[in-house]
Amino acid sequence: MPRQRGAPDAPGDAPGPAAGAREAALDAYAGKRDFERTSEPPAAIPDPSAGPLTFVVQRHAASRLHYDLRLELGGVMLSWAIPRGPSADPGERRLAARVEDHPLDYAGFEGVIPAGEYGAGEVVVWDRGTYSPDEGGLLSFHDRGEAERRTRAALAEGKLSLRMRGHRMKGSWALVRTGGGRAEEGWLLLKHRDEAAGVDLGSPLDSVISDLSVDRLKAGHRPDAGLRPPPLRTAELAGARPLPSRDRGERAPMLATAREHAFSRGGWLFEPKLDGVRALARLERGEGGSLEAALTSRRGHDLSASYPLLAGELAAQPLAGAVLDGEIVATDEAGRPSFERLQRRINLADAGEIRRAAVETPVRYYAFDLLELEGYDLARVPLAERARMLSLVISPTARIRLVERIAGDGVAAYRAAVDLGFEGIVAKRSDSPYEPGRRSANWVKVKVRSSEEFVICGYVEGKGSRARTLGSLVLAEHRSSAPGSGRELRYVGRVGSGLREAQLVELRERLDALASEESPLAEIPAEARAARWARPELVCEVTFAERTGSGGLRAPVFLRMRPDRRAAEIVAAPREAVRAGPAERPDRPAASRAPGAGAAEAAAQLEGSTRASLRLAVGDVEVRLTNLDKPLWPPHEGREAVAKRDLLRYLAAAAPSLLPHLRDRPLTLTRYPDGLQGGSFYQRHWEEGRPEWVETVSLPGAGGERRVHVLCNNLATLMWLGQLAVLELHAPLGRLSPAPDAAMPAGPRGEALDALLDRPDYLLFDLDPYIYSGREPEGSEPELNRRAWAATVGVALRLRELLQAAGLASFVKTSGATGLHVHVPVVREPAFDYASVRAICQTFAEFLEIAHPGEVTLRWRTTERRGRVFLDVNQNARAKNMAAPYSPRAKPGAPVSTPLLWEELERVYPGDFTVATLPGRLRSSGDPWSGILGAKQRLSELGLQAAEGGERRGGG
DNA sequence: GTAACAG
DNA sequence: CTGTTACAACGCAAG
DNA sequence: CTTGCG
C-alpha cells in the first residue's frame with residue numbers, strides 16, 4: 001500500500017469524498033509505521049458503509065499499559081489514548097489524549113507490534129460496538145449521515161455525548177475537551193449517570209472477540225489467523241434481510257419441543273427456563289420520532305398496558321427499532337422466578353390495580369432473542385449471532401435483563417439451573433434460525449419435573465370429604481388421529497392429587513357451568529366412564545413422573561390452572577429425539593443410558609482387535625484408545641503382565657457392577673501412565689481438555705474457587721479412565737445425588753447438594769492385618785499371607801455378628817491388598833453426617849477391641865498394631881476416598897477389590913481376585929453385591945431394630 | 001497420558 | 001518444534 | 001502446634 005503524501009488535515013476532519021484526499025487523513029498514522037515490519041493494518045479508507053457508527057477500545061501494553069478509544073467517523077477511527085481506561089463510575093473522570101486517526105481496519109486488530117516499532121507491545125480488542133450521539137436524548141443509530149454530522153459538530157465544540165452499545169461500555173458517556181479548546185488535544189472521558197453507571201467493566205479475559213489477553217499475548221499466544229471479528233452492523237450479519245418499510249408483520253414466538261433428559265453437545269447453547277409469561281417486545285419509532293414499546297403475548301394479545309414499567313424501560317433502550325423475544329418474570333423473596341406471583345398480575349385490567357401490583361409484585365423482562373433490528377429481519381441469522389447482537393445493543397436496566405447462556409455443557413447447565421431454582425433449561429442450536437410460531441426441534445426444553453398443560457374435559461365425583469366437590473379431573477390433549485387428518489381430544493389420564501380445597505370448590509363450580517351431556521373425547525376409556533363431562537375450555541398444568549408408552553400420565557399431580565392458555569393450544573408435543581446435525585457431537589445420555597449398557601459391545605471390540613490403537617465405539621460416542629499393549633502391571637508370581645488392553649477388557653466386563661458404585665461420586669484418579677513400575681500421581685480436578693461426554697461437577701475447592709471434578713457415570717468415561725492409566729478408582733463415601741435412597745428433601749437443591757456430600761451413604765470398616773509373613777523388607781507394611789488373612793476374616797466375621805445384633809446388615813469385600821472392607825449401606829438422613837457416622841463406627845470398633853484385645857487393635861501407632869488386625873473407622877470422613885468395589889489396585893498381580901458373600905469368606909483368598917480372573921467370576925457367580933444399593937438401612941431406626949434383634953435383610 | 005507452558 | 005512440568009489434600013490421633 | 005497416618 002503506497003503511503004500518501006500531502007498536507008495533513010486536521011484530525012477527524014476527513015471529509016469523505018475523493019479517495020486521494022481522504023487518505024491524506026491517515027498520513028500521521030502511516031508516517032509513524034513501517035508496514036514491512038508491523039502487522040497493523042495499512043492506511044486505507046474504504047468506501048462509506050451504512051448502519052450505525054462503530055467504536056473500539058483496545059487494551060495496549062506499550063511502554064505503559066493504556067486503553068485506546070477509537071470512534072468511527074468519516075471513514076477513519078478518531079483515537080484517544082486513555083492511560084487508566086474507561087471508568088463506569090460517573091464520579092471518575094479519565095484523562096484521554098487525542099492521538100492520530102487510525103484506519104477502520106484497525107478496529108479488528110489484535111496481536112503484537114514488534115519491538116522497536118511505534119507502539120511496540122501487545123494489543124487486544126477490549127470492547128467494541130456501535131455508538132450514536134445522544135445529546136438531548138436524541139439517538140441517531142438509524143441515520144448514519146445525521147450521526148456523523150452531529151458527532152462532527154459536537155467534536156468541534158469539544159463536548160461529545162455518546163450513547164455506547166458495546167459489550168462493556170454501555171449507556172451514555174461524554175468526551176470533553178479541556179483547556180477551552182486550545183491546540184493541545186487534552187480530553188476527559190466520563191460516564192453519565194444512567195442505568196449503566198457503576199456496572200463493572202471488568203472481565204477475566206481482555207478481548208471481547210477472541211480468547212486473547214495482553215497477558216496471554218505476552219505468554220506467546222498469537223491471534224488465530226482465521227478469526228475475523230464478528231460484524232457489528234446488522235446489514236453485515238449473514239442472513240439479515242432488509243424489512244420492507246412499513247412491514248409490521250405479526251410475529252409469533254418460536255416454541256421448543258420437550259425432552260426428558262438434559263444433554264451436552266457442541267453447537268448447542270443452554271439457558272435457564274424461566275417460569276413466566278412469554279412475550280415479544282416490539283420497539284419502533286412512533287409519530288413523534290420517539291421510541292415506543294409494545295409487548296404481545298404468545299396469543300398476540302397486547303400486554304403493554306399490564307406491564308407499563310416494562311414497556312417504559314424498553315422504550316428507553318438505545319435502539320431505532322427492534323423485535324425482542326423474552327419472558328416476563330416475577331421473582332419470589334429468594335430471587336427465583338415465581339409463576340405463582342406473576343399470576344397475581346396476569347388478569348389485572350384496571351389501571352389503578354396495575355399500578356399497585358407493579359409495586360407489590362415487580363416483574364422483569366428477560367430478553368433472549370432478537371427477531372428484528374433497525375430495519376432488518378434477523379430470523380434467518382444464526383442464533384449465536386442474534387444473541388451476540390442482542391447483548392450488544394441492549395443495555396440492561398433494573399427491569400430489562402438478558403438471559404445468560406452457556407455453550408456445550410448442557411448437563412452442567414441443567415444442574416446449575418436446578419440448583420438456582422429454575423424450572424429447567426432450554427437448549428438451542430446455535431446455528432438455528434428463528435422459526436416464528438413453530439415448535440422446532442432446534443429448541444429443546446428439559447424440565448426438572450415434567451409438567452405439561454392439558455385440557456380439562458370433566459371430572460369424576462369424589463368420595464368422603466371430596467363427595468361435595470370432585471374426585472379427579474379428566475385430562476386430554478389434542479392429537480391427530482391419523483397423518484393428515486384433523487385433530488381430536490385424546491384422553492391422557494385423571495389427576496386428583498395436588499388440589500387444594502379452595503381449588504376443588506372453584507373447579508367444581510366452573511366445570512358445572514360448562515357441563516355438557518356429551519363427552520368431548522374421541523374415545524372414552526373405561527376409567528373415565530363415570531365422568532361428568534364439561535365443554536373443553538379450561539387448561540391446567542400437571543406434573544407427572546413420566547409418560548406411558550401410549551402417552552398416558554404416570555403419577556400426575558395438579559400444579560395450577562393456566563388461564564393464559566387456550567384449549568386449542570394444547571397439542572401433544574412431538575416426543576422425537578433431537579436429530580443429530582452434521583457438525584454435532586454425540587450427546588451424553590446416549591453414552592450413559594443404563595449402567596454398563598454397551599459393555600458387551602465394547603468388550604467385543606477390544607477382543608476383536610490386536611492393534612495398539614482403537615477408536616472404541618461406546619453407544620454413540622467414540623473413545624480413543626492408544627498404547628493398548630503397554631504393560632501396566634508387570635508379570636507377577638507366574639502370571640503374565642497386564643496390559644492396558646487387559647485393564648480395559650476388565651473394566652468393560654465389570655462395568656455393570658462397577659458403575660453403580662461410582663455414580664455421582666467425584667473421583668480421585670490414581671494414574672500410572674508408565675505402569676506400576678513408573679511414576680504415579682493423583683488427580684482430582686480436570687478443568688479442561690476432557691471429552692464432552694464425561695460428566696463433571698463443579699465444587700468449591702481449597703481457597704474457595706470452584707474446581708471441576710470428574711464423575712464416572714457412564715461406560716465411555718470408564719473406558720477413558722482406562723486409557724488414562726487410572727489403575728485405582730477412588731471415590732468418597734458420599735454422593736452428589738439423592739439417588740438411590742431418595743431420602744433428601746425435595747425443593748431447592750442448592751443447599752441439598754452440598755449437604756449430600758456431607759453424608760456418607762454407607763458406613764465403612766477398614767480391616768488391615770499387621771501380621772507379618774516374615775519376608776517383608778525392614779520397616780515396610782506386611783505383605784499378604786495366609787495367617788494374616790485368616791485373622792482378618794475372623795475379625796470381619798465377629799464384626800458382622802456385632803452389626804447383625806444391632807440390626808444392621810453388612811457387606812464384605814477384599815480391599816485388594818491384604819485386608820477387608822465392610823460396608824453398611826445406609827439411607828442418608830440429616831442427622832447422620834460424617835461426625836456422627838464415625839462415632840457410631842468407633843463404638844462398634846471399641847467394643848470389638850475390648851472383647852478381643854489379642855486380635856483387634858485401634859492403635860494409631862503402626863508399631864503398636866503388630867500381630868493384630870487394625871480396625872480403622874477413620875475413613876468415615878468427608879473428602880476421604882476409598883477404592884471402590886471392583887476397583888483394580890496398583891499392586892503386583894493386578895488385584896481387584898472384590899465384593900464377596902459372607903458365606904464364601906472363609907473359602908477364598910484375595911490373591912485369586914485379579915483383573916484377569918474377575919470377568920470369569922462375574923460371569924459364573926454374578927455380583928454378590930448387586931442388591932447393596934437397595935439394602936439401605938435407617939440409622940435412625942437402629943435402636944428399634946436392636947430391640948427386635950436379628951438381621952432384617954440378608955447381607956451380602 | 002495429557003495439556004499447558006517455556007525455551 | 002521439543003523439553004519440562006503439573007497433575008490431592010483433610011481431619012483426626014497423638015506427642 | 002507439629003507430625004504421623006490413611
Side-chain angles (χ1 to χ4, degrees), chain A residues 211 213 215-222 612-613 623-632 643-644 647-648 665-691 694 699-705 707-710 717 719-734 757-758 760 764-770 779-782 815-819 821 833-839 841-842 845-846 849 857-865 870-883 889-890 897:
Chain A
D211 58 356
S213 66
D215 290 339
R216 279 172 70 86
L217 281 167
K218 280 189 203 289
H221 285 264
R222 288 295 172 266
S613 295
V623 186
R624 301 170 86 113
L625 306 175
T626 60
N627 286 328
L628 287 169
D629 295 316
K630 177 183 272 198
L632 296 179
K644 192 197 271 181
L647 171 64
L648 286 159
R665 301 192 206 266
L667 292 183
T668 298
L669 314 181
T670 56
R671 301 185 52 188
Y672 292 73
D674 298 307
L676 194 53
Q677 315 268 275
S680 74
F681 60 91
Y682 295 99
Q683 191 168 356
R684 301 188 81 168
H685 315 303
W686 202 302
E687 320 291 349
E688 48 199 332
R690 68 195 129 71
V694 174
L699 296 170
E705 76 273 47
R707 308 290 306 263
V708 179
H709 296 245
V710 168
T717 304
M719 297 292 97
W720 176 67
L721 295 176
Q723 160 65 9
L724 294 175
V726 172
L727 296 198
E728 300 191 344
L729 298 156
H730 291 259
L733 277 61
L757 263 187
D758 255 325
L764 175 67
F765 296 88
D766 183 7
L767 286 70
D768 257 337
Y770 275 75
S780 63
E781 301 263 292
S815 72
T818 60
H821 294 158
D833 57 6
Y834 278 108
S836 40
V837 158
R838 212 178 113 324
C841 294
Q842 179 79 21
E846 278 170 5
E849 187 187 37
T857 178
L858 272 61
R859 301 312 290 259
W860 194 244
R861 288 288 211 87
T862 53
T863 49
E864 294 173 17
R865 298 175 188 164
F870 174 51
L871 181 49
D872 187 5
V873 296
N874 223 350
Q875 298 298 328
N876 294 285
R878 183 180 171 126
K880 284 215 163 147
N881 289 297
M882 281 308 296
R889 302 302 305 268
S897 178

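Below, read A as the first sequence line, B as the second, and so on, with proteins coming before strands; counting in each chain starts at 1. Note that these values count all heavy atoms, side chains included, but never hydrogens, waters or copies made by symmetry.
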Side chains of [X] and [Y]: closer than 4.5 Å at any heavy-atom pair?
{"X": "Val726(A)", "Y": "Arg671(A)", "answer": "yes"}
{"X": "Tyr770(A)", "Y": "Thr862(A)", "answer": "yes"}
{"X": "Thr818(A)", "Y": "Pro782(A)", "answer": "no"}
{"X": "Leu667(A)", "Y": "His709(A)", "answer": "no"}
{"X": "Leu669(A)", "Y": "Trp686(A)", "answer": "yes"}

Pairwise P distance, dA8(C) and dA4(B) [rounded to whole Å]: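 Here dA4(B) and dA8(C) have their P atoms 15 Å from each other.
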How far does the C1' atom of dA9(C) sit from the matching atom of dG4(D), given to the nearest Å? 15 Å
Identify which nucleotide among [options] has an atom closest to any side-chain atom of [X], counting heavy atoms from C-beta outward.
{"X": "Tyr682(A)", "options": "dG6(D), dA8(C), dG1(B)", "answer": "dA8(C)"}
{"X": "Lys644(A)", "options": "dG6(D), dA8(C), dG1(B)", "answer": "dG1(B)"}
{"X": "Asp872(A)", "options": "dG6(D), dC7(C), dC12(C)", "answer": "dG6(D)"}
{"X": "Gln723(A)", "options": "dA9(C), dT2(B), dA4(B)", "answer": "dT2(B)"}

Have a look at [X] and say if it touches a base, only the backbone sugar-phosphate, or nothing, with a 4.0 Å heavy-atom cut-off.
{"X": "His221(A)", "value": "sugar-phosphate"}
{"X": "Asp768(A)", "value": "nothing"}
{"X": "Arg671(A)", "value": "base"}

Given 3.5 Å as the limit, does a donor-acceptor pair link the side chain of [X] with the main chain of [Y], or not?
{"X": "Asn876(A)", "Y": "Leu764(A)", "value": "yes"}
{"X": "Lys644(A)", "Y": "Thr626(A)", "value": "yes"}
{"X": "Glu728(A)", "Y": "Arg889(A)", "value": "no"}
{"X": "Asp215(A)", "Y": "Lys218(A)", "value": "no"}

Residue closer to the 5' end of DNA chain C, Ala877(A) versus Glu864(A) (nearest nucleotide):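 Between the two, 5'-proximity favours Ala877(A).
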Using heavy-atom distances to pick each residue's nearest nucleotide on DNA chain C, tell me which of Ala835(A) and Phe681(A) is more 5'.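 Taking each residue's closest nucleotide, the earlier one in sequence belongs to Phe681(A).
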First encountered from the 5' end of DNA chain B, between Lys630(A) and Ala219(A): Lys630(A)
Rounded to the nearest Å, what distance is computed from the [atom1] atom of residue [X] to the [atom2] atom of nucleotide [N]?
{"X": "Gln842(A)", "N": "dA13(C)", "atom1": "CD", "atom2": "C1'", "value": "10 Å"}
{"X": "Arg838(A)", "N": "dG6(D)", "atom1": "CZ", "atom2": "P", "value": "15 Å"}
{"X": "Arg707(A)", "N": "dA6(C)", "atom1": "CZ", "atom2": "C1'", "value": "11 Å"}
{"X": "Asn876(A)", "N": "dA13(C)", "atom1": "CG", "atom2": "P", "value": "13 Å"}
{"X": "Arg859(A)", "N": "dC12(C)", "atom1": "CZ", "atom2": "C1'", "value": "16 Å"}
{"X": "Glu728(A)", "N": "dA8(C)", "atom1": "CD", "atom2": "P", "value": "16 Å"}
{"X": "Leu871(A)", "N": "dG6(D)", "atom1": "CG", "atom2": "P", "value": "14 Å"}
{"X": "Phe765(A)", "N": "dG6(D)", "atom1": "CZ", "atom2": "C1'", "value": "17 Å"}

Please enumerate all protein N or O atoms sitting under 3.5 Å from an N or O of nucleotides 2-5 of chain D, with distances to 0.1 Å.
residue : atom : partner   : partner atom : Å
dG4(D)  : N2   : Trp860(A) : NE1          : 3.1
dC5(D)  : OP1  : Thr862(A) : OG1          : 3.4

Please say whether more than 12 non-hydrogen atoms of neighbouring residues, nucleotides or ligands are located less than 6.0 Å from OH in Tyr682(A).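 No.
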Pairs under 3.5 Å (N/O, protein and nucleotides 1-3 of chain C):
none

For Glu864(A), give me all partners under salt bridge (charged side-chain N to carboxylate O under 4.0 Å, His left out), at least two apart in sequence or on another chain.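 With sequence neighbours excluded, Glu864(A) shows a salt bridge (charged side-chain N to carboxylate O under 4.0 Å, His left out) to Arg859(A), given in chain and number order.
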Can you tell me if the side-chain N/O atoms of His730(A) get under 4.0 Å from OP1 or OP2 in dG6(D)? no
